[in-house]
Engineer: 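Can you read through this structure? Questions will come right after.
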Amino acid sequence: MIELAPIALLGGLFGLDVVCFPQMMFSRPLVAATVAGAFAGNTATGMFVGVAMELIALATLPFGASRYPEWGSAAVVGGAVAAALEPGKPGALTLGVLAGLATAWAGGLSLVQLRIWVAWLARRRRPALDAGSRGAVLSLQLAGLTGDLVRAAAVSALSYAMLFPVARAAQGVWTLSDSVSRSFVVSVAAAVAGTVAWTIFHSTRGARWYFAAGLLIAVLGLLVR
Amino acid sequence: MTAVLDAGMAPHPRLSPMTWVRIFSRMLAIQGSWNYETLIGNGIAFCVEPALRQLPGGIKAREFKEALTREGAYFNAHPYLAAVAVGALARVELSGVPPDRIERFRTALCGPLGSVGDRLVWAGWLPLCSLIALLIFGLGGGASVVLGVFLVLYNAGHLALRVWGLHVGWTRGLNVASALANPVLRQGPAYVARAAAFAAGIAVPFTAARLLGHHVALLGVVLGSAALGAAALVRLHGRVEGYKLALVLIALFALVSVAR
């Protein structure tokens with residue numbers, strides 16, 4: 001359980017980046033899972049989990065007040081779980097992505113609760129805010145930032161503590177081959193990423209032809225390889 | 001136009017470099033107190049506050065407190081393009097524009113800064129940078145290259161947008177609406193979307209191929225299944241979120257593998 005401290009720290013920092021500070025996209029699965037994998041001693045596995053989750057995360061558009069999964073702490077958990085499993089055995093990528101997606105869902109719910117809590121804090125400070133109190137403005141901002149850091153750290157630590165033992169046990173009795181396991185996860189991730197292309201086609205004239213041109217280049221490139 | 005400009009801009013206030021540093025660094029935390037009631041309202045007050053200290057009488061004065069109260073009210077904008085509002089609101093507050101006019105101006109800024117930013121950044125620049133990084137991964141790039149390219153490319157656009165927003169808001173004040181007609185904001189989303197579509201076409205197959213590793217012979221089956229899955233998801237559009245469906249499918253797959 002000593003590994004929970006760095007996971008909570010990483011998850012807290014990457015979770016904070018999703019909305020509150022500094023939104024520089026360290027929290028993208030591609031980045032967060034790779035860094036978590038490196039911390040857990042297997043950068044490559046962390047990156048593979050991050051890439052699969054990134055394909056899925058492409059479909060998430062964090063518009064305004066919409067509710068969305070929280071990818072920062074999720075990717076830390078996904079990358080760390082996969083990197084800490086036995087590397088030579090099948091199932092690591094599948095179980096890492098699964099742990100990441102479950103955490104993304106829980107993290108999204110916790111983000112909603114945080115926003116409700118911040119609104120409650122703002123209502124409590126309303127008289128001071130309405131009186132133009134500088135201290136009230138600064139303390140509300142600081143409380144929100146601190147709350148988000150604690151939320152993301154807690155989500156990461158709890159998810160890892162609960163999911164890693166389950167993932168390790170599941171890998172021990174994993175029956176499907178590595179090829180089938182990988183193919184399934186990649187198919188699902190690529191399917192979700194494919195919906196992004198549709199969203200772009202829907203909103204931008206001619207985009208489908210650009211997609212088709214890119215696809216043609218990719219097919220030719222893969223055939224040549 | 002000149003009358004509006006004069007009413008909104010005179011006298012011309014100045015801010016010290018340290019004040020600009022404070023405002024800019026606070027903008028990185030503008031969503032720190034995001035909530036379902038005032039959205040980024042408190043964040044706007046938090047960012048404008050270093051500039052408001054220059055109002056006559058400083059932080060103890062009635063003018064400062066009234067301005068801070070105004071700026072802390074409900075506000076909605078894309079967090080990066082909120083820089084336009086922060087710059088413009090700092091300018092009009094320090095220029096002595098009447099409070100009722102500032103409130104109307106503030107309300108008018110909300111909608112456009114949200115929709116333009118969402119289209120340009122969340123639906124355009126972010127997916128494009130992500131797909132370029134995925135393509136580099138698919139072509140065999142190592143972790144440092146993939147992450148480095150993604151973070152540098154994305155944040156070059158991100159930070160430039162914040163700096164531009166702050167500058168244009170401050171220099172134009174009440175006339176900042178004309179800045180939103182900037183070609184980058186008007187036509188940029190369409191160009192970025194086409195580039196993202198092109199990148200998606202190349203990146204997804206290469207990424208899938210590398211993820212499959214030495215099982216790459218299955219790539220055709222994987223891409224065919226992905227195309228069918230994407231079509232099914234599109235038909236379910238709005239009724240199910242992609243990541244939730246992925247969670248359920250992968251969980252069922254894991255159960256099958258464990259229970260066999």
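Just so we're on the same page: letters track the sequence lines, and every chain starts at 1. Because the structure is a prediction, the values reported are computed rather than measured.
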Engineer: Considering only heavy atoms, which portion of B:Ile30 lies under 4.5 Å from any heavy atom of chain A: side chain, backbone, both, or neither?
Structural biologist: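 Contact with chain A: backbone only.
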Engineer: Of all the heavy-atom pairs spanning B:Ser130 and A:Glu54, show the shortest one and how long it is.
Structural biologist: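 Heavy-atom minimum between the residues: OG-OE2, 2.6 Å.
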Engineer: State, to 0.1 Å, how close A:Ala190 and B:Ala226 come at their nearest heavy-atom pair, and which atoms those are.
Structural biologist: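 The answer is CB-CB, 3.6 Å.
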Engineer: When you look at CZ of B:Arg53, are more than 12 heavy atoms from neighbouring residues, nucleotides or ligands closer to it than 6.0 Å?
Structural biologist: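 Check passes, neighbour count above 12.
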Engineer: Please classify the contact of B:Leu247 with chain A as side chain, backbone, both or neither, using a heavy-atom distance under 4.5 Å.
Structural biologist: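 For B:Leu247, backbone and side chain are both near chain A.
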Engineer: Within a strict 4.5 Å, meaning less than it, do heavy atoms of the B:Leu211 and A:Val51 side chains meet?
Structural biologist: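 A side-chain contact exists here, since the closest heavy-atom pair is under 4.5 Å.
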Engineer: Can you tell which part of A:Val219 gets under 4.5 Å to a heavy atom of chain B, answering side chain, backbone, both or neither?
Structural biologist: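 Neither part, no heavy atoms under 4.5 Å.
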Engineer: Write down the atom of B:Ala190, the atom of A:Thr204, and the distance for their closest heavy-atom approach.
Structural biologist: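 Where B:Ala190 meets A:Thr204 most closely, the heavy atoms are O-CG2, 3.6 Å.
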Engineer: Side chain, backbone, both or neither: which part of B:Ala209 has an atom under 4.5 Å from a heavy atom of chain A?
Structural biologist: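 Side chain only.
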Engineer: Tell me, which pairs form a side chain to side chain donor-acceptor pair (under 3.5 Å) where one or both residues lie in residues 145-156 of chain B, sequence neighbours left out?
Structural biologist: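 For residues 145-156 of chain B: B:Tyr80-B:Tyr154, B:Asn155-B:His158.
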Engineer: Heavy-atom pairs under 4.5 Å with chain B - which of A:Arg28, A:Met24, A:Met47 has more of them than the others?
Structural biologist: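 Maximum pair count with chain B is reached by A:Met24.
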Engineer: What residues of residues 113-123 of chain B sit under 4.5 Å from chain A when only non-hydrogen atoms are counted?
Structural biologist: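 So the qualifying residues are B:Asp118, B:Trp122, B:Ala123.
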Engineer: Measure A:Ser183 against the heavy atoms of chain B and call it side chain, backbone, both or neither at under 4.5 Å.
Structural biologist: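 When you check distances to chain B, atoms from both the backbone and side chain of A:Ser183 fall under 4.5 Å.
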Engineer: Mind checking the CG-OG spacing from A:Leu114 to B:Ser33? Nearest 0.5 Å is all I need.
Structural biologist: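 Spacing of CG (A:Leu114) from OG (B:Ser33) equals 10.0 Å.
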Engineer: Taking the side chain as everything from C-beta on, heavy atoms only, tell me whether A:Val112 gets closer than 4.5 Å to B:Tyr36.
Structural biologist: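 In short, these two side chains touch, coming nearer than 4.5 Å.
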Engineer: Which bit of B:Glu49 is near chain A, if near means a heavy-atom gap under 4.5 Å: side chain, backbone, both or neither?
Structural biologist: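 Answer is side chain: those atoms of B:Glu49 sit under 4.5 Å from chain A.
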Engineer: At a 4.5 Å cut-off on heavy atoms, which part of B:Arg235 comes close to chain A: side chain, backbone, both, or neither?
Structural biologist: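 Contact with chain A: none, neither part.
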Engineer: A:Arg208 versus chain B, heavy atoms under 4.5 Å apart: side chain, backbone, both or neither?
Structural biologist: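 Interface part for A:Arg208: neither.
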Engineer: Does any part of the side chain of A:Val35, heavy atoms only, come nearer than 4.5 Å to the side chain of B:Leu147, both counted from C-beta?
Structural biologist: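 The answer is yes; the side chains approach within 4.5 Å.
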Engineer: Quick one: sort the B:Phe253 and A:Phe184 rings into parallel, tilted or perpendicular, breaks at 30° and 60°.
Structural biologist: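 Parallel, since the angle between the ring planes stays under 30°.
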Engineer: Under a 4.5 Å heavy-atom cut-off, does chain A meet the side chain of B:Leu255, its backbone, both or neither?
Structural biologist: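 Neither part, no heavy atoms under 4.5 Å.
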Engineer: Would A:Arg225 and B:Val216 satisfy side chain to side chain contact (heavy atoms under 4.5 Å, CB included), going step by step from the backbone distance to the final call?
Structural biologist: CA-CA 11 Å; A:Arg225 286 213 302 187; B:Val216 74; over 6 Å; no
Engineer: Is A:Thr195 close to chain B through its backbone or its side chain, or both, or neither, when contacts mean heavy atoms under 4.5 Å?
Structural biologist: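 Both backbone and side chain.
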Engineer: With only heavy atoms counted, which part of A:Ser181 is less than 4.5 Å from chain B, the side chain, the backbone, both or neither?
Structural biologist: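 Its backbone and side chain both get close to chain B.
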Engineer: Checking B:Leu212 against chain A: side chain, backbone, both or neither under 4.5 Å from a heavy atom?
Structural biologist: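 Both parts, backbone and side chain.
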Engineer: If you take all heavy atoms of B:Leu68 and A:Gly132, which pair is closest and at what distance?
Structural biologist: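 Looking at all heavy atoms of both residues, the shortest contact is CD2-O, 3.6 Å.
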Engineer: Does some side-chain heavy atom of A:Leu58 sit less than 4.5 Å from a side-chain heavy atom of B:Leu134?
Structural biologist: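 Yes. Closest side-chain heavy atoms under 4.5 Å.
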Engineer: Could you check whether any side-chain N or O of A:Arg115 sits under 3.5 Å from a backbone N or O of B:Leu39, counting only pairs where one atom can act as donor and the other as acceptor?
Structural biologist: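 Flag not set: sc A:Arg115 to bb B:Leu39 has no pair under 3.5 Å.
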Engineer: Is any side-chain heavy atom of A:Tyr68 closer than 4.5 Å to one of B:Tyr243?
Structural biologist: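 B:Tyr243 does not reach A:Tyr68 side chain to side chain.
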Engineer: Please flag which part of A:Ser187 lies under 4.5 Å from any non-hydrogen atom of chain B: side chain, backbone, both or neither.
Structural biologist: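 It is both, since atoms from each part get that close.
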Engineer: Can you tell me if CZ on A:Arg124 sees more than 12 non-hydrogen neighbours from other groups inside 6.0 Å?
Structural biologist: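 No.
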Engineer: Do you know the tightest heavy-atom contact between A:Ala207 and B:Ala197?
Structural biologist: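 Scanning both residues, the minimum pair turns out to be O-CB, 3.4 Å.
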Engineer: Determine, step by step, whether B:Phe150 and A:Phe26 satisfy the ring pair (Phe, Tyr, Trp, His ring centres under 6.0 Å) criterion, reporting the C-alpha distance in whole Å, the side-chain angles of both residues, the deciding distance to 0.1 Å, and the verdict.
Structural biologist: CA-CA 10 Å; B:Phe150 171 71; A:Phe26 303 122; 9.4 Å; no
Engineer: So for B:Arg210, is it side chain, backbone, both, or neither that comes closer than 4.5 Å to the heavy atoms of chain A?
Structural biologist: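 Both the backbone and the side chain of B:Arg210 come within 4.5 Å of chain A.
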Engineer: Please state whether the side chain, the backbone, both or neither of B:Leu126 comes within less than 4.5 Å of a heavy atom of chain A.
Structural biologist: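 For B:Leu126, the side chain is the part near chain A, not the backbone.
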Engineer: Specify which of A:Leu142, A:Ile217, A:Asp148, A:Leu140 makes the most heavy-atom pairs with chain B at under 4.5 Å.
Structural biologist: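 The answer is A:Leu140.
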Engineer: In terms of heavy-atom proximity below 4.5 Å to chain B, should A:Arg125 be classed as side chain, backbone, both, or neither?
Structural biologist: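 Answer is neither: A:Arg125 stays 4.5 Å or more from chain B.
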Engineer: So how far is it from A:Leu121 CG to B:Asn35 CG, rounded to the nearest 0.5 Å?
Structural biologist: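 Answer rounded to 0.5 Å: 9.0 Å.
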Engineer: Give me each pair satisfying ring pair (Phe, Tyr, Trp, His ring centres under 6.0 Å) with a member in residues 187-219 of chain B, each pair once, sequence neighbours excluded.
Structural biologist: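 Every candidate ring pair (Phe, Tyr, Trp, His ring centres under 6.0 Å) pair involving residues 187-219 of chain B fails, so no pair, neighbours aside, qualifies.
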Engineer: What is the minimum heavy-atom distance between B:Val204 and A:Ala193, and which atoms define it?
Structural biologist: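 Smallest interatomic distance, heavy atoms only, reads CG2-CB, 4.4 Å.
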Engineer: Measure distances from B:Leu151 to the heavy atoms of chain A and classify the residue's part below 4.5 Å as side chain, backbone, both or neither.
Structural biologist: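 The side chain, not the backbone.
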Engineer: Examine whether an atom of A:Arg134 lies under 4.5 Å from a heavy atom of chain B, and if so say whether it belongs to the side chain, the backbone or both; otherwise answer neither.
Structural biologist: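 Both parts, backbone and side chain.
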Engineer: Can you tell me how far apart CG (A:Leu98) and CD1 (B:Ile250) are? Round to the nearest 0.5 Å.
Structural biologist: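 Spacing of CG (A:Leu98) from CD1 (B:Ile250) equals 6.5 Å.
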Engineer: Which answer fits A:Leu222, side chain, backbone, both or neither, if we ask what part of it has an atom under 4.5 Å from a heavy atom of chain B?
Structural biologist: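 Both backbone and side chain.
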Engineer: Please list all pairs meeting salt bridge (Lys or Arg N to Asp or Glu O under 4.0 Å) that have one or both residues in residues 165-183 of chain A, counting only residues at least two apart or in different chains.
Structural biologist: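 Checked against salt bridge (Lys or Arg N to Asp or Glu O under 4.0 Å) - neighbours excluded - the pairs reaching residues 165-183 of chain A are A:Asp178-A:Arg182.
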Engineer: Measure distances from A:Ala59 to the heavy atoms of chain B and classify the residue's part below 4.5 Å as side chain, backbone, both or neither.
Structural biologist: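 Nothing of A:Ala59, per the 4.5 Å heavy-atom cut-off to chain B.
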Engineer: Short question: side chain of B:Asn42, backbone of A:Val137 - any donor-acceptor pair under 3.5 Å?
Structural biologist: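 Here the side-chain-to-backbone pair exists.
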Engineer: So, does B:Gln31 use its side chain to make a donor-acceptor pair with the main chain of A:Val19 at under 3.5 Å?
Structural biologist: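 The answer is yes, because a donor-acceptor pair under 3.5 Å joins these two groups.
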Engineer: Of the backbone (N, CA, C, O) and the side chain (C-beta and beyond), which part of B:Glu241 lies under 4.5 Å from a heavy atom of chain A, both, or neither?
Structural biologist: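 The side chain, not the backbone.
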Engineer: Is it the backbone or the side chain of A:Val188 that comes under 4.5 Å from a heavy atom of chain B, or both, or neither?
Structural biologist: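 Answer is side chain: those atoms of A:Val188 sit under 4.5 Å from chain B.
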Engineer: Side chain, backbone, both or neither: which part of A:Ile56 has a non-hydrogen atom closer than 4.5 Å to chain B?
Structural biologist: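 Only the side chain of A:Ile56 comes within 4.5 Å of chain B.
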Engineer: Check whether any side-chain N or O of A:Thr175 sits under 3.5 Å from a backbone N or O of B:Ser257 as a donor-acceptor pair, and report yes or no.
Structural biologist: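 Judged by distance alone, yes, a pair lies under 3.5 Å.
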Engineer: Measuring from atom CG of B:Leu28 to atom CD of A:Gln23, what distance do you get when rounded to the nearest 0.5 angstrom?
Structural biologist: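 So the gap between those two atoms works out to 9.5 Å.
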Engineer: Atom CH2 of A:Trp120 and atom CD of B:Glu37: how far apart are they, to the nearest 0.5 Å?
Structural biologist: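 Here the rounded value is 12.5 Å.
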Engineer: To the nearest 0.5 Å, what is the distance between CG on A:Asp130 and OG1 on B:Thr69?
Structural biologist: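 It comes to 6.5 Å.
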